[in-house]
Amino acid sequence: MGARRALHFVFKVGDRGASARFYRELLGMRVLRHEEFEEGCRASCNGPYDGRWSKTMVGYGPEDNHFVAELTYNYGIGEYRLGNDFLGITLVSSQAVSNAKKMGWPLTEVTAGIFEAEAPGGYKFYLEDKEQLKQDPVLKVTLGVSDLQKSVNYWSGLLRMKIYEKDEEKQRALLGYADNQCKLELKALGGAVDHGTAFGRIAFSCAKEELPNIEALMKKEDQKILTPLVSLDTPGKATVQVIILADPDGHEICFVGDEAFRDLSKVDPNGDKLLDDAMASDNSDKWFAAQKKKKASA
């Protein structure tokens, strides 16, 4: 069996310009690729919406060896309601802390040397004020869960993640597929998980041959499959196979065939320009302002 890899987390963004500024100028990430779509994704990558949308991958380096963010923008939707499901991404970058201070972006020091910054849409990022790591500086994604042991059983038992830490007193656990990859942290909320309408999705890759096995295992264990194994086309790029699952709390999980995804996810040197051109040609904000209306809230 091939190694599994943590790939990205999907964020829905209502303000593409402000989001681009946060990820590029504050966090110091770069646009790895940008794609425009005329209709909704067959695997609901952009959420439960059928209309025009875009996908922008941003990160500190190629998706082959970095955990990145996928920013999905649905034309005509200006904001999403946050739940308590996504608790934050932690990364190491004194430069990001410095950038935030220079930009006048609100920062809260939550513990010595760790600052909280909020991305447009309310998504929290925790910035460790240390020199950025030469390898991937993104350390972990933190998700809220209702029952820690039940979630650990799912992620470690069914999805074969290694348990790196488990703290019963603090009701948290740290899991991952490899020492040098972004980890998944699970934190008990002490109540139910609310996904709001801003709910995201965490993605992993595996050998293509494993995908039917994952699907069969979930069926056997009576676990939720949101999208059965399906092939997704991106014009001019590789066709990938994916399956979308949901954990006991409804957190969405994507598994994609690794070989095709490596081809699909090659860095596009024109990514920044494609994003900037798309934002420049998107007159929806001006139209809504002229009509004295607000974009829809999801």
Side-chain angles (χ1 to χ4, degrees), residues 1-11 23 29-33 35 41 43 45 55-72 86 89-92 132-143 151-152 154-165 173-186 200-215 217-218 225-227 229-232 234 237-247 251-268 271:
M1 281 183 198
R4 296 182 180 182
R5 292 191 297 133
L7 300 176
H8 57 256
F9 194 86
V10 181
F11 296 100
Y23 290 93
M29 293 180 173
R30 62 184 175 121
V31 176
L32 304 171
R33 53 193 172 98
E35 294 151 7
C41 171
C45 310
K55 173 199 296 184
T56 309
M57 310 302 293
V58 293
Y60 289 111
E63 292 172 76
D64 275 359
N65 48 22
H66 290 77
F67 189 86
V68 309
E70 175 179 320
L71 311 180
T72 63
F86 174 80
I89 282 182
T90 302
L91 58 90
V92 178
Q132 189 168 306
L133 302 171
K134 288 182 180 178
Q135 65 266 34
D136 188 5
V138 181
L139 300 182
K140 64 183 179 181
V141 177
T142 305
L143 301 179
S151 293
V152 168
Y154 179 92
W155 288 91
S156 64
L158 296 181
L159 297 185
R160 303 205 327 257
M161 272 192 164
K162 176 183 174 182
I163 301 172
Y164 282 86
E165 299 171 15
L174 190 70
L175 303 95
Y177 281 123
D179 296 354
N180 62 348
Q181 290 183 23
C182 174
K183 305 299 187 296
L184 172 66
E185 182 178 47
L186 304 174
R201 173 183 291 177
I202 191 165
F204 304 91
S205 72
C206 65
K208 184 177 75 171
E209 297 75 24
E210 278 194 70
L211 293 170
N213 299 334
I214 292 173
E215 184 174 49
L217 176 64
M218 293 301 156
I225 298 174
L226 299 176
T227 303
L229 190 54
V230 64
S231 294
L232 299 180
T234 299
K237 296 189 177 181
T239 296
V240 297
Q241 287 190 311
V242 305
I243 181 171
I244 313 299
L245 313 173
D247 82 349
H251 290 291
E252 294 195 3
I253 308 153
C254 171
F255 275 94
V256 58
D258 189 74
E259 185 177 351
F261 186 79
R262 285 182 187 272
D263 187 38
L264 172 71
S265 63
K266 286 176 181 172
V267 175
D268 183 350

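Note that the numbering runs from 1 along the sequence shown for the chain.
Of the inter-residue distances, the one linking Glu35 atom CD with Glu70 atom CD reads 8.5 Å to the nearest 0.5 angstrom. A distance of 7.0 Å separates CG in Leu139 from CG in Leu91, rounded to the nearest 0.5 Å. In this structure, Met218 CE and Ile225 CD1 are separated by 7.5 Å, a value rounded to the nearest 0.5 Å. Phe255 CZ to Leu7 CG: the interatomic distance, rounded to the nearest 0.5 Å, is 9.5 Å. Atom CG of Leu174 is separated from atom CD1 of Ile163 by 10.5 Å, given to the nearest 0.5 angstrom. Going from atom CE of Met29 over to atom OH of Tyr23 covers 7.5 Å, rounded to the nearest 0.5 Å.
Side-chain atoms of Leu229 and Pro212, non-hydrogen and from C-beta on, do get closer than 4.5 Å to each other. For the pair Cys45 and Thr72, the minimum side-chain heavy-atom distance is 4.5 Å or more.
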### Message
Using side chain to side chain contact (heavy atoms under 4.5 Å, CB included), reason through Ile253 and Trp155 one step at a time and then give a plain yes or no.
### Response
CA-CA 10 Å; Ile253 308 153; Trp155 288 91; 3.5 Å; yes
#### Entry: Residue pair Glu165, Lys140: steps toward the salt bridge (Lys or Arg N to Asp or Glu O under 4.0 Å) verdict
CA-CA 13 Å; Glu165 299 171 15; Lys140 64 183 179 181; over 6 Å; no
### Task
Could you go through the side chain to side chain contact (heavy atoms under 4.5 Å, CB included) check for Phe204 and Leu159 one step at a time?
CA-CA 10 Å; Phe204 304 91; Leu159 297 185; 5.9 Å; no
### Query
Going through the checks in order, is the side chain to side chain contact (heavy atoms under 4.5 Å, CB included) test met by Arg5 and Arg262?
CA-CA 11 Å; Arg5 292 191 297 133; Arg262 285 182 187 272; 3.1 Å; yes
#### Entry: Verdict with supporting geometry, Leu186 and Tyr154, side chain to side chain contact (heavy atoms under 4.5 Å, CB included)
CA-CA 12 Å; Leu186 304 174; Tyr154 179 92; over 6 Å; no
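For the pair Leu211 and Cys206, the tightest heavy-atom approach, listed with the atom from each and the gap, is CD2-SG, 3.6 Å. The nearest pair of heavy atoms linking Val138 to Phe67 is CG2-O, 3.7 Å. In terms of heavy atoms, Leu184 sits closest to Leu143 at CD1-CD1, 3.7 Å. The shortest non-hydrogen separation linking Thr239 to Ala260 is O-CB, 3.4 Å. Contact record, Val68 with Gly59: CG1-CA, 4.0 Å, taken as the closest heavy-atom pair. Shown here for Arg160 and Tyr177, the closest heavy-atom pair between the two residues is O-CE2, 3.5 Å.
Listed for the Gln241 side chain is no donor-acceptor partner under 3.5 Å among the backbone atoms of Gly257. The backbone N or O of Asp179 sits less than 3.5 Å from a side-chain atom of Tyr164, completing a donor-acceptor pair.
Between Glu185 and Lys183 there is no salt bridge, since no side-chain nitrogen of the basic residue lies less than 4.0 Å from a carboxylate oxygen of the acidic one.
Aromatic ring pairs are classed by plane angle as parallel below 30°, tilted from 30° to 60° and perpendicular above 60°; the pair Phe86 and Phe11 is perpendicular.
Within 6.0 Å of NZ on Lys208 lie no more than 12 heavy atoms contributed by other residues, nucleotides or ligands. Within a 6.0 Å sphere centred on CD of Glu259, heavy atoms belonging to other residues, nucleotides or ligands number 12 at most.
Of the residues listed (Asp258, Leu232, Asp263), the one engaging Val240 in a side-chain contact (heavy atoms from CB on, under 4.5 Å) is Leu232, and it is the only one.
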